[in-house]
Amino acid sequence: IVDHDGAGGKPVTVFETLAIAAYCCDKSGKMMPGDAAARASAWEWAAACATNLAPALSFQFQLARAVPDSSGPAIEYIVGQADRPFKAIDLRLSDAEYLAGEYCFADVQVYPVAATSGMRMPDGLAPYPNIRRWCNAVALRPAVVRGMNVMPPLG
């Protein structure tokens with residue numbers, strides 16, 4: 001992104017999802033938990049999505065959809081790589097309404113990945129009841145509705 005109204009009135013260019021999220025949170029003063037422990041938790045979940053969940057689901061898409069003759073064991077391995085962070089997220093959400101305790105940028109980072117790419121898992125989100133509950137709640141937020149409507153239809 002390019003913020004044409006950056007510090008000192010100078011343009012600021014930012015790339016990579018987490019850096020953009022951090023910049024927007026810092027600039028707006030919104031979506032970042034105020035408590036240091038909650039901020040650390042938010043960063044943990046956002047980073048887990050960016051470094052573990054999203055890449056595994058991207059590989060799964062490539063193998064299962066774009067390369068139809070992919071071997072079964074390769075797909076099973078990649079699905080297993082996505083299952084690990086999904087299980088961790090589901091466990092976290094078993095005792096919290098949102099990933100960092102309060103709705104914040106971590107939820108914004110993880111939700112679209114879980115809500116869309118999670119449907120490509122062998123049983124979708126069925127094995128993750130807490131993620132399903134969380135997805136249903138997050139999906140109702142007006143800003144999420146607007147953001148998800150920007151995407152082309154899935155399928």
Side-chain angles (χ1 to χ4, degrees), residues 1-67 78-79 81-121 124-125 128-155:
I1 64 168
V2 177
D3 177 3
H4 295 283
D5 187 28
K10 296 180 181 179
V12 175
T13 301
V14 185
F15 72 99
E16 290 294 337
T17 304
L18 291 180
I20 292 168
Y23 181 82
C24 291
C25 289
D26 286 345
K27 184 166 181 177
S28 71
K30 298 177 182 176
M31 300 299 291
M32 186 65 73
D35 173 77
R39 274 195 311 278
S41 181
W43 278 111
E44 288 170 342
W45 293 112
C49 181
T51 61
N52 295 306
L53 183 59
L57 290 167
S58 178
F59 290 136
Q60 185 263 351
F61 174 78
Q62 292 300 321
L63 288 173
R65 306 280 186 186
V67 186
I78 295 301
V79 167
Q81 294 301 302
D83 184 55
R84 285 186 325 117
F86 269 134
K87 283 181 178 173
I89 293 166
D90 196 66
L91 180 63
R92 168 60 181 148
L93 291 170
S94 71
D95 68 342
E97 185 176 4
Y98 297 109
L99 291 169
E102 63 185 83
Y103 186 72
C104 70
F105 83 97
D107 301 286
V108 173
Q109 298 293 307
V110 178
Y111 171 77
V113 175
T116 61
S117 298
M119 296 301 115
R120 290 195 315 267
M121 293 293 281
L125 294 177
Y128 317 105
N130 300 303
I131 294 176
R132 284 194 331 268
R133 174 205 41 84
W134 170 79
C135 278
N136 290 337
V138 171
L140 297 175
R141 298 180 72 87
V144 173
V145 170
R146 287 191 306 274
M148 294 302 285
N149 283 333
V150 171
M151 296 176 44
L154 299 175

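Positions are given from 1, in the same order as the sequence printed here. For the numbers below, each heavy atom of this structure counts, side chains included, while hydrogens, waters and symmetry mates do not.
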Can you list the residues that meet the side-chain hydrogen bond (donor to acceptor under 3.5 Å, both in side chains) rule with D90, with sequence neighbours excluded? N130
Could you point out which residue of L125, V138, L93 forms a side-chain contact (heavy atoms from CB on, under 4.5 Å) with R133? L93
Tell me every residue that passes side-chain hydrogen bond (donor to acceptor under 3.5 Å, both in side chains) with Y111, counting only those two or more places apart in sequence or in another chain. none
Quick one: CG on L53 to OG on S58, what's the gap to the nearest 0.5 Å? 11.0 Å
My understanding is that only residues two or more places apart in sequence, or in another chain, count here; which of them pass salt bridge (charged side-chain N to carboxylate O under 4.0 Å, His left out) with D95? R92
Results of side chain to side chain contact (heavy atoms under 4.5 Å, CB included) for A21 - residues two or more places apart only: F105, Q109
Which heavy atom of V108 sits nearest to which heavy atom of M31, and what is that distance? CG2-CE, 3.5 Å
Contacts of D3 that satisfy salt bridge (charged side-chain N to carboxylate O under 4.0 Å, His left out) - sequence neighbours left out: K27
Please give me the minimum heavy-atom distance between V2 and P11, naming the atom from each residue. CG1-CB, 4.3 Å
To check you understand the geometry: which heavy-atom pair defines the closest contact between L99 and A106, and what is its length? CD1-O, 3.9 Å
From S94 OG over to I131 CD1, what is the distance, rounded to the nearest 0.5 angstrom? 10.5 Å
Can you list everything that forms a side-chain hydrogen bond (donor to acceptor under 3.5 Å, both in side chains) with Q60? Sequence neighbours excluded, please. R120
Of the non-hydrogen atoms in T116 and M148, which two are nearest, and what is the gap between them? CG2-CE, 3.8 Å
Considering residues at least two apart in sequence or located in another chain, which fulfil the side chain to side chain contact (heavy atoms under 4.5 Å, CB included) criterion with N136? none
Pair listing, ring pair (Phe, Tyr, Trp, His ring centres under 6.0 Å) test, anchored in residues 129-150, at least two apart: none
Please tabulate, for the side chains in residues 41-48, all donor-acceptor contacts under 3.5 angstrom to protein atoms that are two or more places apart in sequence or on a different chain.
none

Check R39 against G34 and note the closest heavy-atom contact, atom names and distance. NH1-O, 2.5 Å
Ignoring hydrogens, what is the shortest heavy-atom contact between A50 and L18? Give both atom names and the distance. CB-CD1, 3.9 Å
Distance check, rounded to the nearest 0.5 Å: I89 atom CD1 versus R84 atom CZ? 11.5 Å
Taking side chain to side chain contact (heavy atoms under 4.5 Å, CB included) as the definition, give me every residue that meets it alongside V145, ordered by chain and number, with sequence neighbours left out. N149
Selection residues 81-104 - residue pairs positive for ring pair (Phe, Tyr, Trp, His ring centres under 6.0 Å), sequence neighbours left out: F86-Y128, Y98-Y103
Mind checking whether T17 and C49 have side chains closer than 4.5 Å, heavy atoms only? no
